[in-house]
Amino acid sequence: MADAPRYRFAPSPTGMFHVGGARTALHNWALARRTGGTFVLRIEDTDEARNRPEWTEGIIEALAWIGISADDPHFEGPLYQSHYAGAHLEAAERLYREGFAYYCDMTPEQIQERAKAEGTTGYGGWSRDLGLEPAPGRVLRFKVPMGTTVVHDQVRGDVEFDNGVIEDFVLVRGNGTPVFILANVVDDMSMGITNVVRAEEHLPNTPKQQMLWTALGHEPPVWAHVPVLVNEQRKKLSKRRDKVALEQYRDEGYLADAMVNYLMTLGWSPGEEEIQPWSAMEETFRLEDVNLSPAFFDLKKLTAFNGEYIRKLSPDELFDACRPFLPDEWGDEPFRSMVPYVQERLKTLAEAPSTVDFMYVADPEIDDDAWNKAFAPDYAVPLLSDVVEAYATCDWDHATLKSTMEQLMERYEIKLGKAQAATRVALTGRSVGPPLFEALEVMGRDESLRRMRAALERIG
RNA sequence: GCCCCCAUCGUCUAGUGGCCUAGGACACCACCCUUUCAAGGUGGCGGCACGGGUUCGAAUCCCGUUGGGGGUGCCA
């Protein structure tokens with residue numbers, strides 16, 4: 001118990017919160033909760049130029065949306081990296097003092113020139129033995145030792161790096177600020193992080209971080225690098241090219257549960273049935289079972305998941321979920337009554353308004369193709385006239401409305417599918433929509449008859 | 001260029017030497033059901049990248065090739 005694991009999620013607030021980040025957060029969250037450990041949220045806000053406070057808010061809100069809540073006892077934070085700058089510099093100072101790092105006065109341009117001249121690439125450790133003192137403009141570099149570094153990775157097994165190909169990397173910039181690699185390690189150390197679960201893009205700098213842990217006198221954490229998420233071109237999902245903002249999916253009517261479930265199936269399988277509640281996935285998720293190759297973020301499949309989750313909601317839940325997507329001027333009715341009939345037709349909540357909009361306007365726009373097709377048959381007008389007449393007096397419930405039409409259509413030897421077409425267009429202006437008799441019932445006799453008569457008049 | 005990672009249907013995956021004539025899901029197609037559209041049901045299409053080994057036996061182990069991806073900043 002004294003050694004309850006401490007996981008962490010360390011996003012940088014440089015843009016909208018990303019689906020890839022969400023998946024990594026979910027992995028950490030599942031592990032922290034199942035093991036009775038802690039999920040530390042650390043905001044890496046040390047990129048002075050790119051980070052903005054509203055992005056931090058966005059991250060916290062997005063995490064809450066997918067169920068990673070600051071109210072949960074397993075949650076710790078948010079902690080802000082910028083608050084620990086002193087510790088980062090202290091560690092840098094110590095590394096310098098103990099001979100693990102040295103100052104270098106070469107500019108990036110000079111480095112490039114010299115490398116070119118020598119026919120090499122990167123920094124060749126040229127200032128390593130110059131014994132330069134700290135001074136403004138000089139960077140502090142880590143003195144990468146000889147040998148090999150083996151990273152024990154829970155997803156990938158042991159990964160070996162030849163230290164000879166790792167150049168002496170910068171720890172502190174010429175302006176005196178610490179770089180990510182140092183800040184990240186120092187924070188993980190001081191926050192007692194035991195498990196680092198992050199995306200594969202960090203694997204190449206893991207040996208550097210591991211060297212820092214060792215130089216600073218600590219045992220490195222347990223590493224795990226999960227594969228990245230890619231687009232259809234199989235490139236890492238990027239904020240610039242791809243639609244990746246979690247918030248955007250929320251605004252387009254995706255359910256958090258569907259998103260969470262879908263994200264978890266990328267690179268991992270929850271078992272026989274892929275639609276699983278979070279509580280179950282939290283129990284079964286294991287890093288050892290995570291796939292090793294990049295996974296395509298497939299909007300089609302996410303949408304399919306979303307449809308399934310929408311169908312699982314109760315009518316009341318679905319109504320509440322849809323409410324924000326309905327125009328403000330619309331009242332709850334008749335949508336509320338229509339919910340059961342549109343439920344299995346929705347793939348996203350945002351589609352809700354278009355399934356019932358004909359009920360909210362007096363004269364819905366008429367689709368000409370639908371109209372022409374519905375009124376093309378000879379029986380269309382006479383049948384509609386009969387229906388209008390019968391509907392004027394019959395009981396007004398969907399069962400009666402249906403059986404009434406069935407009786408009237410008999411003499412034309414057609415099926416209900418054809419018989420209802422004209423009435424549907426008269427009512428909705430379209431050829432498709434929610435079940436007709438149910439819609440009639442909800443809409444009421446007066447308005448229904450008015451529209452049907454208007455249609456007959458229009459025909460002439 | 002160099003370093004690292006990876007490779008099962010179009011996509012996400014199951015599969016850890018014999019249960020595989022490779023299973024499921026999404027997408028697609030057909031049919032059924034039907035009050036349009038959906039939803040649902042049934043069926044179909046479609047894959048172990050390639051070449052060598054190891055083994056009685058390989059999708060599973062090893063090597064190579066090819067192909068993808070990630071990284072290579074005084075960004076995180």
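These numbers come from a predicted model, not from an experiment. The figures here come from the full heavy-atom set of this structure, side chains too, leaving out hydrogens, waters and symmetry mates. Here is how names work: the chains are called A, B, and so on, in the same order as the sequence lines, proteins then strands, and each is numbered from 1.
- Base-pair partner of G73(B): not found among the strands shown (Watson-Crick or G-U wobble, both distances under 3.5 Å).
- Contact annotation for Thr121(A): base contact, defined as any heavy-atom pair under 4.0 Å involving a base atom.
- Between Tyr96(A) and Tyr103(A), the ring centre distance stays below 6.0 Å.
- Comparing the P positions of A58(B) and A22(B) gives a spacing of 16 Å, expressed to the nearest Å.
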Write out a two-atom table: protein N or O, nucleotide N or O from nucleotides 69-72 of chain B, distance below 3.5 Å.
from, atom 1, to, atom 2, distance (Å)
G69(B), OP1, Lys235(A), NZ, 2.6
G70(B), OP1, Lys236(A), N, 2.8
G71(B), OP1, Lys236(A), NZ, 2.6

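- When the side chain to side chain contact (heavy atoms under 4.5 Å, CB included) test is applied to Ser403(A), the partners found at least two apart in sequence or on another chain are Glu406(A).
- A7(B) sits 15 Å from G51(B) when the C1' atoms are compared, rounded to a whole Å.
- When rounded to the nearest whole Å, the span between CG of Leu416(A) and P of C33(B) equals 15 Å.
- Under the 4.5 Å side-chain criterion, counting only non-hydrogen atoms from C-beta, Cys322(A) is in contact with Phe335(A).
- The partner of C37(B), taking Watson-Crick or G-U wobble pairs whose two distances both stay under 3.5 Å, does not exist in any strand shown.
- For G41(B) and U34(B), the C1' atoms lie 12 Å apart once the distance is rounded to whole Å.
- Residue Gly174(A) is in base contact, counting any heavy-atom pair closer than 4.0 Å across all strands shown.
- The shortest side-chain heavy-atom distance between Pro53(A) and Thr56(A) does not fall under the 4.5 Å cut-off.
- Nucleic acid contact class of Val170(A) (heavy atoms, under 4.0 Å, all strands): sugar-phosphate only.
- With a 4.5 Å cut-off on side-chain heavy atoms, Lys347(A) and Ile310(A) do not count as touching.
- Using the six-membered ring where Trp is involved, Phe100(A) and Phe142(A) have ring planes that are parallel, under 30° apart on the 30 and 60° scheme.
- Computed from coordinates, the Glu438(A) CD to U34(B) C1' distance equals 12 Å when rounded to whole Å.
- For the pair His398(A) and Leu266(A), both in contact range of RNA chain B, the more 5′-proximal nearest nucleotide belongs to Leu266(A).
- The side chain of Ala304(A) approaches A27(B) more closely than any other nucleotide in the set A27(B), C74(B), U8(B).
- Side-chain nitrogen and oxygen atoms of Lys402(A) include at least one within less than 4.0 Å of the OP1 or OP2 phosphate oxygen of U35(B).
- In this structure, Tyr262(A) has its ring center closer than 6.0 angstrom to the ring center of Phe297(A).
- With rounding to whole Å, Asn261(A) atom CG is found 14 Å from U13(B) atom P.
- Nucleic acid contact for Arg424(A): base, since at least one base atom lies under 4.0 Å from a heavy atom of the residue.
- As judged by a 4.0 angstrom heavy-atom cut-off over every strand, Glu160(A) is placed among residues touching the sugar-phosphate backbone only.
- Comparing the same atom, P, in C5(B) and in G64(B) gives a spacing of 12 Å after rounding to whole Å.
- Backbone-only contact: Phe161(A) has heavy atoms under 4.0 Å from sugar-phosphate atoms and none from a base.
- Of all nucleotides listed (A7(B), C74(B), A76(B)), A7(B) comes nearest to the side chain of Ser293(A).
- Not counting sequence neighbours, the partners of Arg430(A) by the side-chain hydrogen bond (donor to acceptor under 3.5 Å, both in side chains) test are Asp357(A).
- In the set U35(B), C5(B), C12(B), C5(B) carries the atom at the smallest distance from any side-chain atom of Val159(A).
- Comparing C20(B) with G70(B), their P atoms are spaced 37 Å from each other, to the whole Å.
- Atom CD in Gln112(A) sits about 14 Å away from atom C1' in C74(B), given to the nearest Å.
- G17(B) is unpaired under the criterion used here, namely a Watson-Crick or G-U wobble arrangement in which both key atom distances are under 3.5 Å.
- In terms of the side-chain hydrogen bond (donor to acceptor under 3.5 Å, both in side chains) criterion, residue partners of Gln420(A) (sequence neighbours excluded) are, by chain and number, Arg424(A).
- Across the strands present, C26(B) finds its partner in G10(B); the criterion is a Watson-Crick or G-U wobble pair with both atom distances under 3.5 angstrom.
- In this structure, the CD1 atom of Ile111(A) is 10 Å from the C1' atom of G73(B), given to the nearest Å.
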Practice problem: Apply salt bridge (charged side-chain N to carboxylate O under 4.0 Å, His left out) to the pair Glu118(A) and Arg114(A), showing each step before the final yes or no. | Solution: CA-CA 6 Å; Glu118(A) 296 188 4; Arg114(A) 177 140 177 196; 3.0 Å; yes
Write down the protein N/O and nucleotide N/O pairs, taken from nucleotides 37-41 of chain B, whose separation is under 3.5 Å; answer none if there are no such pairs.
from, atom 1, to, atom 2, distance (Å)
C37(B), O2, Arg345(A), NE, 2.6
C37(B), N3, Arg345(A), NE, 3.1
C37(B), N3, Arg345(A), NH2, 2.6
C37(B), N4, Arg345(A), NH2, 3.2
A38(B), O2', Glu344(A), O, 2.7
A38(B), N1, Glu344(A), OE2, 2.8
A38(B), N3, Glu344(A), OE2, 2.9
A39(B), OP1, Lys347(A), NZ, 3.3
A39(B), O3', Arg311(A), NH1, 3.3
G40(B), OP1, Arg311(A), NH1, 3.3

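- Nucleotides A14(B) and U36(B) place their P atoms 40 Å apart, quoted to the nearest Å.
- Among the atoms of the strands shown, base atoms are found under 4.0 Å from some heavy atom of Thr107(A).
- Asp289(A) places its CG atom 8 Å from the P atom of A14(B), with the value rounded to the nearest Å.
- Mapping Ser269(A) and Ala10(A) onto RNA chain B by nearest heavy atom places Ser269(A) at the nucleotide closer to the 5' end.
- Residue Phe437(A) is classed as a base contact, given a heavy-atom separation below 4.0 Å to a base.
- As rounded to the nearest Å, C9(B) and A59(B) have P atoms that lie 15 Å from one another.
- The residue Met106(A) sits close to a base: some heavy atom pair falls under 4.0 Å.
- Side-chain contact between Leu266(A) and Phe296(A) is absent, with no heavy-atom pair separated by less than 4.5 Å.
- For the P atoms, the distance from G69(B) to A27(B) is 27 Å, rounded to whole Å.
- Legend: residues meeting side-chain hydrogen bond (donor to acceptor under 3.5 Å, both in side chains) with Asn231(A), ordered by chain and number and at least two apart, are Asp242(A).
- If you take CG of Leu401(A) and C1' of U36(B), they are 16 Å apart, rounded to a whole angstrom.
- Following rounding to the nearest Å, Leu427(A) (CG) and U35(B) (P) show an atom-to-atom distance of 18 Å.
- The residues Glu252(A) and Lys243(A) are annotated as salt-bridged, a charged nitrogen and a carboxylate oxygen being separated by less than 4.0 angstrom.
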